[in-house]
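One structure is given below, encoded as structure tokens.
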Amino acid sequence: MRSLLFVPGDSPHKLARALESGADALIIDLEDSVAPAAKAEARATAAAFIDEARRFDERIGLWVRINAFGTGLADDDLAAVVPAEPNGILLPKSTGGFDVTDLHNRLAVEEAKAGIDDGALAIIVIATETAGSIFGLGSYPNASPRLTGLAWGAEDLAAAISAETNRFADRSHTPPFRLARELALFAAVAASVAPIDTVFTAYKDLDGLRQEAEAARRDGFTGKLAVHPAQVPVINQVFMPNAEAVARARAVVAAFEANPGAGVVGLDGQILDRPHLIRAQGLLARAKTAGVA
């Protein structure tokens, strides 16, 4: 998934509009964008929308961001939306792999109640929204086979540590948030799941968004969260593997396939080893998902 667009779960109008955005995945939000008094209504709206969206385009990923475990609302969220069979659940304010295991078990119960195959719903976490979560980033490997992505968050983290800002005037992140970003990237890769870059809240600044997305792609992130439909085309373009990169990756894979017993191969005057093969295979997998390979 290149682009994952947040949409308020209590707004049928915004949900319908999001279907036209071109996002690879919609994150139907029951958490921050929904007022406490509207939570129950949002659950019902979200469940109904998932069925509608499936009829619109079955290729769109449909995820639901539930409320954090500490709110006491998560179980009601799951009971309402799991029967609608979204692709998965986005868990906010995750503090470590044990939260993923907890969610895994709760999903298994709700899937059984709804008559859905065990393991049908996947999990993505936002892993850096509390101070303590930074110290749990190494605990995600083997937490659950459902875990498919790990995103990092800067907005809730700023509130948690009472930071005056999380960005400099040029919109680059300040050191505490750079640290969270980089550790989250390593945590995702260590857990063999997709590393997902955080939101860029200045939704009218598409040049700034492009610059940040390109830096994320350069460093190893495979997608980015979005807060507005206007951001989706930029994110999709940045994270779409181009033809030159795809051709190079195919050549790398072909070189290793032609020399199955070799630890290193030569290609165009360059010595390549296993890490080059792994990167090439990963790029081709992303290109296939995006429909360009």
Side-chain angles (χ1 to χ4, degrees), residues 1-8 23 25 27 29-34 63 65-71 90-96 99-100 123-140 147 149-191 193-232 234-235 238-239:
M1 293 179 287
R2 300 161 299 172
S3 54
L4 301 90
L5 174 63
F6 282 109
V7 193
I27 302 174
D29 189 22
L30 302 181
E31 194 209 16
D32 287 345
S33 65
V34 178
W63 295 74
R65 177 164 70 170
I66 62 172
N67 289 278
F69 285 153
T71 64
L90 180 71
L91 179 65
K93 299 177 178 63
S94 178
T95 55
D99 279 343
V100 173
I123 296 171
I124 295 174
V125 297
I126 304 183
T128 66
E129 293 187 303
T130 68
S133 66
I134 302 299
F135 302 100
L137 285 169
S139 63
Y140 287 101
L147 186 62
L150 188 151
W152 75 284
E155 306 309 313
D156 283 280
L157 182 59
I161 65 174
S162 299
E164 293 181 359
T165 183
N166 55 29
R167 292 179 185 268
F168 292 115
D170 66 359
R171 297 206 182 280
S172 63
H173 282 104
T174 60
F177 302 92
R178 292 289 301 182
L179 175 65
R181 173 189 184 272
E182 289 151 11
L183 290 176
L185 173 62
F186 291 126
V189 175
V193 301
I196 302 167
D197 195 31
T198 195
V199 298
F200 187 79
T201 57
Y203 67 91
K204 292 185 178 181
D205 181 8
L206 297 183
D207 289 336
L209 170 67
R210 180 178 296 277
Q211 181 178 359
E212 184 166 287
E214 288 176 345
R217 184 200 63 208
R218 175 202 66 207
D219 290 347
F221 288 94
T222 60
K224 187 169 180 62
L225 301 171
V227 295
H228 192 279
Q231 295 181 321
V232 170
V234 174
I235 294 172
V238 169
F239 286 97

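The side-chain hydrogen bond (donor to acceptor under 3.5 Å, both in side chains) search around T95 returns D99, not counting sequence neighbours. In this structure R217 satisfies the side-chain hydrogen bond (donor to acceptor under 3.5 Å, both in side chains) test with no other residue, sequence neighbours excluded. Partners of T198 under the side-chain hydrogen bond (donor to acceptor under 3.5 Å, both in side chains) rule, at least two apart in sequence or in another chain, do not exist in this structure. In this structure, the side chain to side chain contact (heavy atoms under 4.5 Å, CB included) partners of A213, at least two apart in sequence or on a different chain, are K224, V238, F239. Looking at residues two or more places apart in sequence or on another chain, you find a ring pair (Phe, Tyr, Trp, His ring centres under 6.0 Å) between Y203 and H228. Take E155 and apply the side-chain hydrogen bond (donor to acceptor under 3.5 Å, both in side chains) test, not counting sequence neighbours, and it matches N166. With sequence neighbours excluded, the residues satisfying salt bridge (Lys or Arg N to Asp or Glu O under 4.0 Å) with R65 are D29, E31. Here P8 pairs with D10, S11, K14, S33 under the side chain to side chain contact (heavy atoms under 4.5 Å, CB included) rule; sequence neighbours left out. Scored by the salt bridge (Lys or Arg N to Asp or Glu O under 4.0 Å) test, R210 finds no partners at all (sequence neighbours excluded). Not counting sequence neighbours, the partners of A25 by the side chain to side chain contact (heavy atoms under 4.5 Å, CB included) test are M1, L4, W63. Under the side chain to side chain contact (heavy atoms under 4.5 Å, CB included) criterion, A160 pairs with no residue at all, not counting sequence neighbours.
Of all non-hydrogen atoms in P195 and V189, the two that sit nearest each other are CG-CG2, 4.4 Å. The two residues L206 and A230 come nearest to each other via the heavy atoms CD2-O, 3.9 Å. T174 and T165 make their closest contact through OG1-O, 3.9 Å (heavy atoms, listed as atom of the first residue, atom of the second, distance). Between G220 and L185, the shortest heavy-atom contact is C-CD1, 3.9 Å. Shortest non-hydrogen contact noted between R181 and A215 is NH2-O, 3.6 Å.
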Practice item. Start with the C-alpha distance between I27 and L225, add both sets of side-chain angles, then the distance that settles side-chain contact (heavy atoms from CB on, under 4.5 Å), and finish with yes or no. Key: CA-CA 9 Å; I27 302 174; L225 301 171; 3.8 Å; yes
Review point. Passes side-chain contact (heavy atoms from CB on, under 4.5 Å), L209 versus D207? Steps please.
Key: CA-CA 5 Å; L209 170 67; D207 289 336; over 6 Å; no
Practice item. Determine, step by step, whether E214 and R218 satisfy the salt bridge (charged side-chain N to carboxylate O under 4.0 Å, His left out) criterion, reporting the C-alpha distance in whole Å, the side-chain angles of both residues, the deciding distance to 0.1 Å, and the verdict. Key: CA-CA 6 Å; E214 288 176 345; R218 175 202 66 207; over 6 Å; no
Exercise for review: Determine, step by step, whether L91 and I66 satisfy the side-chain contact (heavy atoms from CB on, under 4.5 Å) criterion, reporting the C-alpha distance in whole Å, the side-chain angles of both residues, the deciding distance to 0.1 Å, and the verdict.
Suggested key: CA-CA 6 Å; L91 179 65; I66 62 172; 4.1 Å; yes
Practice item. May I have the step-by-step check of side-chain contact (heavy atoms from CB on, under 4.5 Å) for L90 and I126, ending in yes or no? Key: CA-CA 7 Å; L90 180 71; I126 304 183; 4.0 Å; yes
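Atom CG in L183 sits 7.5 Å away from atom CZ in F186 (nearest 0.5 Å). The CD1 atom of I196 lies 9.5 Å from the CZ atom of F221; values are rounded to the nearest 0.5 Å. Atom CZ of R178 sits about 10.0 Å away from atom CZ of F168, to the nearest 0.5 Å. Going from atom CG of L150 over to atom CG of L137 covers 7.0 Å, rounded to the nearest 0.5 Å. Annotation: the span from F200 atom CZ to D197 atom CG amounts to 10.5 Å, rounded to 0.5 Å.
Side chains of W152 and I134 form no contact here, defined as non-hydrogen atoms less than 4.5 Å apart. At least one side-chain heavy atom of S94 sits under 4.5 Å from a side-chain heavy atom of Y140. In this structure the side chain of L5 never reaches within 4.5 angstrom of the side chain of V227, judged on heavy atoms.
The backbone N or O of G153 lies less than 3.5 Å from a partner atom in the side chain of T128, making a donor-acceptor pair. A donor-acceptor pair is defined here as one N or O able to donate and one able to accept, closer than 3.5 Å; no such pair exists between the side chain of D156 and the backbone of T130. The main-chain N or O of A68 is found under 3.5 Å from a side-chain atom of T71 such that the two form a donor-acceptor pair. Side-chain atoms of S139 never come within 3.5 Å of backbone atoms of G96 as a donor-acceptor pair (strictly under, hydrogens ignored).
Residue pairs meeting the salt bridge (Lys or Arg N to Asp or Glu O under 4.0 Å) criterion with at least one member in residues 162-172, sequence neighbours excluded: R167-E212, R171-D205.
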